[in-house]
Amino acid sequence: MNDKRKKYIFTSPLWIGIYILLALVLLALLSMNHLARLILPYAIAYTIPLLVTALGGLYSERSGVTNLGLEGLMLVGYFASALTIRFTEQSSYALALPLGLLVGVIAGAIFSMLHAFASINLKADQVISGTAINMLASAITVYLARTIAGSGNVRIMLGIIRKDIPVLSKIPGIGTLFFTQTYWSTWVALIVWGASWFLLYKTSFGLRLRACGEHPSAVASAGVNVYKMRYFGVGMSGALAGLGGGIILITYSGEFNGTVAGLGFLSIAALIFGQWKPLGILGATFFFGTATTIANVSQVIPQLGIIPPVIFKVFPYVVTLLALVAFSKRSAAPKAIGEPF
Amino acid sequence: MSHVIEMLNIRKEFPGIVANDDITLQVEKGEIHAILGENGAGKSTLMSILFGLYHPDRGIIKVRGKEVRIASPNDASDLGIGMVHQHFQLVQNFSVTENIILGKEGGFVLNRKEAGKKIKALSEQYGLSINPSALIEDITVGMQQRVEILKMLYRDAEILIFDEPTSVLTPQEIDELMQIMRNMIKEGKSIILITHKLNEIKSVADRCTIIRKGKLVAVVDVASTSQAKMAAMMVGRPVNFTVAKEEMHTGAPILEVKNLNVQNVKKLPAVKDFSLQVHSGEIVGIAGVDGNGQSELVEAITGLRAIVSGSVWINGKEITNSSIRERNEAGLGHIPEDRQKRGLVMNSSLSTNMVIKEYYREPFSHRGVLNQSVIDEHAQDICDAFDVRSGEGIFSHAGKLSGGNQQKAIVGREMALGPDIIIAVQPTRGLDVGAIEYIHKRLVEHRDKGKAVLLVSFELDEVFNLSDRIAVMNSGELIDIVQTSATNEEEVGLMMAGVKIKEAAL
Amino acid sequence: MKVRIKSNAFLIAVSAVILGLIAGGLLMLAIGSNPFTGFYYLFRGGLMSMERIGNTIATAITLMLVGLSVAFAFKTGLFNIGASGQMLVGGLCATLVAHYVFLPRPLYLVVIITAAFLGGAAWGIIPGFLKAKFNVHEVVATIMMNWIAYWSVYYFVPIYLKAPSLETESRSIAISQTLRSPWLSKIFGGGYINVGIFVAIAAVFILKFILDKTTLGFELKAVGSNRFCAEYAGIKVNRNVIISMMIAGGLAGLAGMTYYTGYSRNIQIGVLPQMGFDGIAVALLGASNPIGVLFSAFFFGILQSGKGFMNAMTEIPPEIADTIIATIIYFTATSVLFKRFWDAVGRRSKAKALQNQEQADGEGVSHE
Amino acid sequence: QADKGKKLLKVGMVTDAGTIDDKSFNQGTWEGILKAQAEGLVEAKYLKPSGTTEADYLKEIGNLYDAGYKFIITPGFKFETTIFEAQDKYPDAKFVILDGEPHSADYSEFRIEPNVVGVYWAEHESGFLAGIAAALQMKKGSFGFIGGMEVPAVQKFNWGWQQGLKYANANLGTNIKMDSQNFLYQGTFDNIAAGQQLAATMYDRGVNVIFAAAGGVGVGAINEAKNRVTAGKDVWIVGVDVDQYPEGVLPSGKSIILTSAMKYLDRASYDMIVHELAGTFPGGEILHLDATNDGIGIPLENPNLSADVEAKVKEMYSKLKSGEIVVADSPDGGLFK
Ligand SMILES: Nc1ncnc2c1ncn2[C@@H]1O[C@H](COP(=O)(O)OP(=O)(O)OP(=O)(O)O)[C@@H](O)[C@H]1O
Ligand SMILES: Nc1ncnc2c1ncn2[C@@H]1O[C@H](COP(=O)(O)OP(=O)(O)OP(=O)(O)O)[C@@H](O)[C@H]1O
Ligand SMILES: [Mg+2]
Ligand SMILES: [Mg+2]
């Protein structure tokens, strides 16, 4: 669907992402310091948790349930992964990481059922329920971390080792930018992204799910159980947010420390910024990832040092506000979002 | 004689109301069977039960002689039952194909092309001519209805239910629909038709089941029963189809609209170069099919929508760029189209709702501080005068009132403003006969006081009953304004379809 | 009839609180602690001496003002999760006043309150404006504003308010320039209670008055309940959205003032004040009613300030308090359950009353 | 019998920002207390404040005090004003403040009562020794520094580290490159992502050894080093405060922590407890722990340093002790920042 909407494409988040990318490629070619090479791999690493979490939000919101609880769901996955890895890494290091991610996914999905139950069965205010999820998650995970692991922190021994992709990494330019120094979790996330796009837009299941977010009674009258679809949507948001949390752990953080520092909320912003579309989300999260990374490393890059750091730091947030202003006139929000059925 | 459908002794209760009380419906194969009943009589409920959306508290359903349990629309669909709902069940930003195949996609991976072909073929077979790849939001209401019909045909439905299919169509589209129905019968299908329009029943139906307040009244043979008789059975008393109304002398123009151009949500022209005058002492009715710019016209006049060009005047004062409040103060009253969305604050008390346009004025408030007792008195007066009934009086939340009482409250509030002109949009939609009569009477009274009324209605009967003059709108244009006494339904119907009689006559 | 609705909200809040406490008790049991001991020390920690009561009140003051901010926005149908950022900016303005404005006490208080209110209001008005003019979702906008505030304060403080050696916070405010007042401290034996309590309580009643008795409140509530109807009625929806966010921001700004220049004596950088989020809970438990907020702020204040003592006396982690609060909010969100429960109870008792009455009438009058 | 009935000294600790097992400041302090507890000397409890304001700290001190913990240890300079208040408020309690001394909020009054001991460390000496050790072990290469916030203790580590590297280049025949862009303060103690990204960028630029004195930011840097070493690169981290060797351990059993610039926090808290029990609590004093009193140094065991290097560092250590070498606690002499 929506093949007719191409006319706006050049202002879409995807394209903003592509512009940045092109600019970076250009910089990489021009600059002796390989600025882009210094930034891009880490920007991608930072993007991925946002991407999968926003994708989770996409499932939920496309099925018609607002999910403000992504932050909390990420945290649950973050915690469950950390705990699993902490208890298995000694006996089998090779299996610990994938297992940890899996448990994170499951934990996120289970926890999200609280939100599903409240918003689907009880027709509760979804914003409030989502807020409760966030509060519950941050209180309970830290509580459990304290009682199970002894302190608020759960540290793991080693995350994923970055690898160059054979052959592809040898391609000049693109190869060095995208295929060197990658985490395997990044490819998992990208596969999830591709599969989600396929599921949502190319299958009958996706058609039904999206219809639930637009006009649930039409779906019901077509003989499809709207409750089940919405449970699936919310469950996926929990699972993917859990995955996002797990990826934070095994890529750059290496420890559960009781907070995902607003990344869940940022994912919601990316979901809206990306206009509830997989490509848009990819562009929006990539934008956040890159902008934040630039802000973080600007200190060590002399070319960037001349700009006051506060500019870098507020840049992603200001741009998001501006982008939302620019896109506001044609919001693609699912029509029945937040409405109980 | 074989019955394709038998619903025997069906009972369905909702909290506080028995929607179906021991109703029996028998439909023969190859017939068009009409169901007639007042608003809230329980027609839609009965059909929802047949379609598997509700489950009966009691009663048996037989399809082709076999007793069945219909637990979901899927079961209904498997039994060959299809339904076109009163409110279309279409996803606006999906394509025609996607809407039709939803729930019956056949396979996990979508094959839009294949489905599109099948739909095209079906559409040609029944003369529906539809573009499978168009988006619903881009096609007309009539076309949307065809999509609903195709949805049933795509599911190989043998028994087709139409719930008030004509209320959104032009007379010409109605004729086409009737033809499509006859085609379907020829193909061996059976049809259940729900409509409030007796002439339609007369024109296509074979038999008619009449229900009142959830109970079966009679099953009649249409050919041998007069319209008046059917109406009387439906309501339980002889029905007077017209409102008593005296001739009035019209005075100065109260509302003037000059060369108005307005865009719709999608930024397309919705009202084109529209001009109209409404004088004191007259009711002008705007006739037209839903979606031809009436809503945009009203919104432009009332200030809810920006005007592209042209001007609006009340009592000779230009209000084109005035705020909504300034227009209210200039003497404009407005009974909005959607009483739930615009008309009332559902989770506030009636008393709050009754001053929602006047709360800032003396005596309801003084220097920004509300005077609650005066407000309550005012609300009580309106409720008394307009017979608004509710559980907790003026403290009831507006959302707890029945539709008719909500509408009476709104009409009361607007009348209490003492406006020089009232714009009444669909003032009786979804109301029962009693409430309709009441509101019609009040509108005519308003006119009789020398004030003006601009009535917008999709019901030709209502327009003819109330209006002194009729303005016909099609695709945002004013086709013509005619004296009610000098025209008839056929002529107005043609104009609603866009035919300019005057020019055609030339 | 109004009374019934209110008591309904009250019943729901109480039910949620009880269930939250039970959930907390179960968690205590789960780690092998005695919940009664736990709750005993939790509440003792908040209330056992005048000084502790003073500290509890000091915590409640900030919670109350943030709670009012969130509740006020709720009334206009807006969800303000930007209270943290508004607190920071309001707090920063108050801190600047505290450092650079020297006036007689009453005048000084007026200036600092105004400054904090305006600072928070400025931070609230931006999302309000974006919502009104461009329909930008206020949830996203306020989140973005939080981070913009976070980083602005982060870079502003070290440059303009640098302490001699500390990088993590501004230099301290002279005690006479804080909101603490000697006579209050005397009553409460020290503690961080400050004149913010009067600001907070005044805010409760002013808001109550605005919402219930004024045309402004009438408009705000109408916009919040049904903006389409409000628009139709001639109420300027956009203006009200902006006003609502401005006042909400201002209230959060006042909360920032009480936190940074009353409870604390300097503004911390690198921290989004958690209270900005706790205020959501306060507003929800208080059913967005100013009086409700007053009580729920005190209740949460007790939990917040008692948890440390509980932790000192038992093996129960202080996070239990946050868990209780979170559970309460979940139960508030799912209050439909209680509503059904209490309605059923109500029906049954009504039926019973009717029955009794009929019996009293002697001849079981038939209702057919 | 009498021993059992005797009430143990109740020792409380209030943590600074971060958790009790921060592998750094809090943990070091707590380990000393735990040691005393394990020896049956005391009963211990730590409380984590809900914020980092003076009020939050004082509240937890009050909680400990009311719960009977009247010997309270607080790690970090952020407690200076807190203890200034507490020493008067709780005259019958004793306080140890690590890394600071009590003073009023406006710095107008520095006063230490007989119930308080302040402890300072010569972080610059510790950083100096770590610099010597790292330089000697690597011989050549490019070194860097990531600090958390720009606070005195962190700054002194940085300056000492640079002086150590310079000293080794000048006197011990090493060739360590120091580029100003590789010496920086991230600005927080908790941004793990930034720590990882900064370390990655530095390593990409050819830095071999990073001295990370940065709390959670350092955790990110350690993660990055682990990642690179597992991938076969030759990069290192120098730990801070405590022996961070275990933090850098890989599944192979090796650690990426070259050595650590330590200050013996555990020793300080333990010693203070022992003094108190012996009745020799040095109340009212401000202790300066440095090489002369074995308050700083690198770990006793450094699996990643060769025996030669360790011997050489010992030699330097004795020179520090004797005063033959003096390390400046300021950036004078052309140091970065
Ligand atoms: N889901 C429901 N819950 C409660 N009451 C309902 C529900 N659906 C219908 N009703 C009530 O049942 C009665 C019958 O409604 P129904 O929709 O069947 O009437 P109808 O004959 O189709 O009327 P109309 O001509 O207006 O379409 C009405 O009083 C309606 O308010
Ligand atoms: N979908 C629904 N769900 C729940 N209750 C409903 C629903 N529809 C209608 N009702 C309730 O059913 C009752 C009858 O509704 P309906 O709209 O048919 O009113 P009515 O009896 O026709 O009154 P009026 O003549 O004033 O329109 C009302 O109390 C209404 O609140
Ligand atoms: Mg009705
Ligand atoms: Mg109906």
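In the text below, chain A, chain B and the rest are named by the order of the sequence lines, each starting its count at 1. Just so it is clear, the structure is predicted and the values come from calculations on it, not from any experiment.
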Heavy-atom contact with chain C under 4.5 Å, split by part of B:Ser349: neither
Interchain contact, B:Arg413 with chain C, by part (heavy-atom threshold 4.5 Å): side chain
Largest heavy-atom contact set with chain C, pairs under 4.5 Å, which of B:Ser348, B:Gly393, B:Ser396, B:Pro336: B:Pro336
Heavy atoms of other groups near B:Arg389 CZ, more than 12 under 6.0 Å: no
Residue C:Phe205 excluded, over 12 heavy atoms near CZ under 6.0 Å: no
Neighbourhood of chain B inside residues 213-230 of chain C, taking heavy atoms under 4.5 Å as contact: C:Lys213, C:Thr214, C:Thr215, C:Phe218, C:Glu219, C:Ala222, C:Ser225, C:Asn226, C:Phe228, C:Cys229
Pick from B:Met346, B:Arg325, B:Arg342 with the largest number of heavy-atom pairs that fall under 4.5 Å of chain C: B:Arg342
Contact check, side chains of C:Ile235 and B:Tyr359, non-hydrogen atoms, under 4.5 Å: yes
Non-hydrogen atoms of C:Tyr232 and B:Lys357 that approach each other most closely: OH-NZ, 3.3 Å
Toward chain C, the part of B:Gln340 with a non-hydrogen atom under 4.5 Å: backbone
What side-chain donor-acceptor pairs closer than 3.5 Å can you find for residues 298-306 of chain B, not counting sequence neighbours?
residue: B:Glu299; atom: OE1; partner: B:Arg305; partner atom: NE; Å: 2.6
residue: B:Glu299; atom: OE1; partner: B:Arg305; partner atom: NH2; Å: 2.9
residue: B:Thr302; atom: OG1; partner: B:Val298; partner atom: O; Å: 2.8
residue: B:Thr302; atom: OG1; partner: B:Glu299; partner atom: O; Å: 3.3
residue: B:Arg305; atom: NH1; partner: B:Gln263; partner atom: O; Å: 3.1

Enclosure of C:Phe295 CZ (heavy-atom neighbours >12, cutoff 6.0 Å): no
